[in-house]
Amino acid sequence: MAASTAAGKQRIPKVAKVKNKAPAEVQITAEQLLREAKERELELLPPPPQQKITDEEELNDYKLRKRKTFEDNIRKNRTVISNWIKYAQWEESLKEIQRARSIYERALDVDYRNITLWLKYAEMEMKNRQVNHARNIWDRAITTLPRVNQFWYKYTYMEEMLGNIAGARQVFERWMEWQPEEQAWHSYINFELRYKEVDRARTIYERFVLVHPDVKNWIKYARFEEKHGYFAHARKVYERAVEFFGDEHMDEHLYVAFAKFEENQKEFERVRVIYKYALDRISKQEAQELFKNYTIFEKKFGDRRGIEDIIVSKRRFQYEEEVKANPHNYDAWFDYLRLVESDAEAETVREVYERAIANVPPIQEKRHWKRYIYLWVNYALYEELEAKFTFAKMWLLYAQFEIRQKNLPFARRALGTSIGKCPKNKLFKGYIELELQLREFDRCRKLYEKFLEFGPENCTSWIKFAELETILGDIERARAIYELAISQPRLDMPEVLWKSYIDFEIEQEETERTRNLYRRLLQRTQHVKVWISFAQFELSSGKEGSLAKCRQIYEEANKTMRNCEEKEERLMLLESWRSFEDEFGTVSDKERVDKLMPEKVKKRRKVQADDGSDAGWEEYYDYIFPEDAANQPNLKLLAMAKLWKKQQQEKEAAEQDPDKDIDESES
């Protein structure tokens with residue numbers, strides 16, 4: 001018993017006593033244990049054994065198992081599109097295209113908004129050269145999700161790679177109907193430019209700047225025209241942009257780009273006008289870049305006067321800041337007025353004076369009013385001595401006062417006296433307007449006669465006089481006025497007068513008279529716009545043989561303008577003629593006009609500086625018309641050499657890659 005008790009005591013292990021119960025300095029986390037187990041590969045499983053398929057039965061069994069696995073995954077979670085894509089790609093790897101197609105269609109029924117699904121589906125069809133199937137998928141994709149730009153890019157790229165240019169253009173047109181982002185429009189434009197379709201690209205730009213009317217897009221349009229040598233078109237784009245944004249949404253970047261374009265064309269006066277126009281209308285805080293570029297331009301090309309204008313503009317800006325900070329700082333107003341009086345126009349000086357006298361002193365103290373009164377004194381002295389003010393407005397105000405007092409004879413006497421003492425356009429117009437309101441047409445006629453004796457070069461007065469006679473029904477008298485007007489030796493706007501006369505005869509349905517007017521005008525000027533207007537008049541007359549007469553005028557104009565130095569005007573005429581033939585002509589007529597279109601070539605010429613020294617060479621674009629080339633054997637020989645070189649290049653390309661045509665025909 002004692003022995004067993006002793007043995008039992010020996011079996012009980014001794015419990016170790018922890019003497020130091022403080023935490024260890026280095027703590028081991030569960031994450032660290034797992035990472036070390038992974039690094040030491042303690043639980044590394046052996047790879048599954050490779051399975052070799054030796055006969056068709058095993059292959060079918062393998063396919064069945066894999067399909068069951070895929071179908072089970074899809075059944076567990078239908079919305080996980082990656083399972084569908086893996087399933088379809090596996091079927092595609094087995095060349096089971098029809099099965100893969102079926103899987104993609106089932107997936108689209110689950111989630112047709114998934115972009116990746118459409119892309120994988122179309123890529124599978126393209127990879128297996130199923131072009132029509134791919135087209136069908138892209139059509140469905142862009143119809144279902146038209147705002148996904150990636151579909152449109154892929155679709156157009158596929159059509160272009162297949163050489164289906166017309167099809168790619170049609171897809172682009174469908175895309176543009178949705179008014180996509182800017183990059184889409186640029187892709188369309190670049191597509192047309194790759195195939196030298198400059199006119200089509202211009203048409204796209206016209207639509208683009210209306211859909212996305214940003215300044216940068218107008219500038220891109222103008223630079224596109226400049227890059228291709230259409231400088232007149234580029235200038236017109238800039239002018240349209242300035243008109244489009246108006247004074248309310250002026251942007252300095254547009255005017256800087258416009259000025260730099262004109263600077264490249266050596267039109268330095270135009271550049272100066274553009275900068276001054278913009279600086280007068282854009283606030284100084286928003287025109288820092290504009291002012292900087294103007295300064296650089298004047299330092300490069302300006303004279304002493306131009307640089308002084310820059311300095312004056314800077315000082316004017318400083319004075320503007322001072323009077324804005326304190327409108328009652330009359331000393332600043334005096335300095336500002338002295339500056340504008342020495343340099344600016346009368347209207348600008350008056351505007352600054354009006355702004356200055358509008359700041360009435362806020363308190364009744366003599367020291368403030370003494371400075372303010374001198375603003376009025378200086379204003380009156382300026383009008384009397386510098387502007388030579390004739391008080392036309394005062395005469396008109398006095399006449400209106402007499403009319404309000406119902407004293408018409410005194411009003412007429414005042415206006416008659418004013419015309420006798422200081423005849424001015426404003427007085428004549430005011431007097432005529434008064435008599436028109438009173439329906440005294442005989443008096444109006446006499447006033448117009450006096451007005452035209454005073455200023456026979458004023459086309460607006462002639463036109464208004466003729467319009468008055470037309471309203472009164474005296475057509476012959478109106479026609480006589482027009483005849484007398486166009487016979488004047490000096491006119492300020494003859495083109496406006498001739499246009500008004502022609503429009504008058506068209507309104508009277510006097511076709512023969514209108515035709516004679518055009519002939520008389522062409523004896524004075526051979527401007528291309530007159531020819532085009534003449535041709536359009538014959539076309540719009542609606543009488544028998546109008547098409548033949550229109551075509552005859554185009555032929556006559558082309559023959560007349562052969563000796564014209566302005567080749568761009570001649571090109572403008574041919575483009576108008578081609579547009580006419582496209583709409584009304586036969587195939588032979590169109591081909592005939594196409595044969596007259598010029599070839600655009602790049603040339604070089606010497607540039608001379610202002611002192612007569614050589615300034616190097618510059619490149620420019622010239623137009624060679626076929627009719628001119630026929631008279632110059634050297635140009636004809638050059639064209640034949642270019643054609644021979646092109647044929648040789650095509651022949652060498654065909655010899656280097658003979659299999660390319662076979663592959664394309666099979667696809």
Side-chain angles (χ1 to χ4, degrees), residues 246-252 255 272-295 297-299 302-398 400-401 418 422 424 426-427 430:
D247 293 342
E248 298 179 358
H249 303 91
M250 295 182 71
D251 192 294
E252 63 171 346
Y255 291 92
R272 197 168 282 111
V273 170
I274 291 167
Y275 277 125
K276 288 183 178 179
Y277 176 85
L279 287 170
D280 290 342
R281 287 163 174 79
I282 300 178
S283 62
K284 300 300 183 286
Q285 292 82 0
E286 299 175 357
Q288 298 298 326
E289 190 69 21
L290 189 69
F291 189 80
K292 177 183 175 183
N293 282 276
Y294 186 27
T295 306
F297 166 77
E298 288 294 353
K299 287 180 179 178
D303 51 7
R304 181 179 177 182
R305 175 64 180 172
I307 298 172
E308 288 177 354
D309 288 342
I310 293 290
I311 298 171
V312 168
S313 298
K314 187 176 290 187
R315 289 175 59 194
R316 185 180 299 172
F317 174 70
Q318 294 172 352
Y319 287 133
E320 283 284 350
E321 294 297 320
E322 288 184 20
V323 298
K324 280 182 182 177
N326 184 8
H328 296 94
N329 185 358
Y330 300 119
D331 291 329
W333 282 110
F334 286 128
D335 294 337
Y336 191 9
L337 287 165
R338 275 194 293 271
L339 174 67
V340 294
E341 281 183 20
S342 64
D343 185 73
E345 297 178 354
E347 289 299 324
T348 307
V349 178
R350 289 191 183 101
E351 181 187 353
V352 178
Y353 266 116
E354 292 292 338
R355 289 170 55 197
I357 62 178
N359 298 293
V360 181
I363 55 178
Q364 300 293 330
E365 290 187 11
K366 185 176 181 180
R367 61 189 181 90
H368 294 294
W369 282 88
K370 185 177 180 181
R371 305 295 293 165
Y372 176 70
I373 290 297
Y374 273 103
L375 287 174
W376 286 93
V377 173
N378 290 347
Y379 193 5
L381 288 172
Y382 170 78
E383 292 289 2
E384 180 182 356
L385 301 176
E386 301 294 333
K388 295 181 172 55
F389 187 47
T390 55
F391 300 100
K393 190 173 184 179
M394 299 298 296
W395 286 106
L396 292 172
L397 291 173
Y398 173 50
Q400 291 171 5
F401 163 76
S418 68
C422 52
K424 297 185 72 175
K426 194 172 184 180
L427 288 171

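- Here the shortest heavy-atom pairing between Val340 and Val349 reads O-CG2, 3.5 Å.
- Atom CZ of Arg355 sits about 6.5 Å away from atom CD of Glu351, to the nearest 0.5 Å.
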Go through the steps to decide whether Tyr330 and Tyr374 satisfy the test side-chain contact (heavy atoms from CB on, under 4.5 Å), and finish with yes or no. CA-CA 9 Å; Tyr330 300 119; Tyr374 273 103; over 6 Å; no
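- Here the straight-line distance linking atom CG of Asn293 with atom CD1 of Ile274 works out to 12.5 Å at 0.5 Å rounding.
- Of all non-hydrogen atoms in Phe297 and Arg272, the two that sit nearest each other are CE2-NH2, 3.9 Å.
- A salt bridge is absent between Glu341 and Arg338: the closest approach of a Lys/Arg side-chain nitrogen to an acidic carboxylate oxygen does not fall below 4.0 angstrom.
- At distances below 3.5 Å, at least one donor-acceptor pair connects side-chain atoms of Trp333 with backbone N or O atoms of Pro327.
- A ring-centre distance under 6.0 Å is found for Trp369 and Tyr372.
- Between Leu375 and Tyr353, the shortest heavy-atom distance links the atoms O-CE2, 3.8 Å.
- In this structure, the side chain of His328 engages the main chain of Val360 through a donor-acceptor pair within 3.5 Å.
- Within the model, atoms CG of Asp251 and CD of Glu289 stand 11.0 Å from one another, a figure rounded to the nearest 0.5 Å.
- Looking at every heavy atom in both residues, Met250 comes nearest to Ala278 through CE-CA, 4.3 Å.
- A distance-only check finds a donor-acceptor pair linking the side chain of Glu252 to the backbone of Leu290 [under 3.5 Å].
- Residues Glu322 and Tyr336 fail the side-chain proximity criterion, which asks for heavy atoms closer than 4.5 Å.
- Counting only distance, with no hydrogens or angles, the side chain of Tyr255 and the backbone of Tyr277 share no donor-acceptor pair below 3.5 Å.
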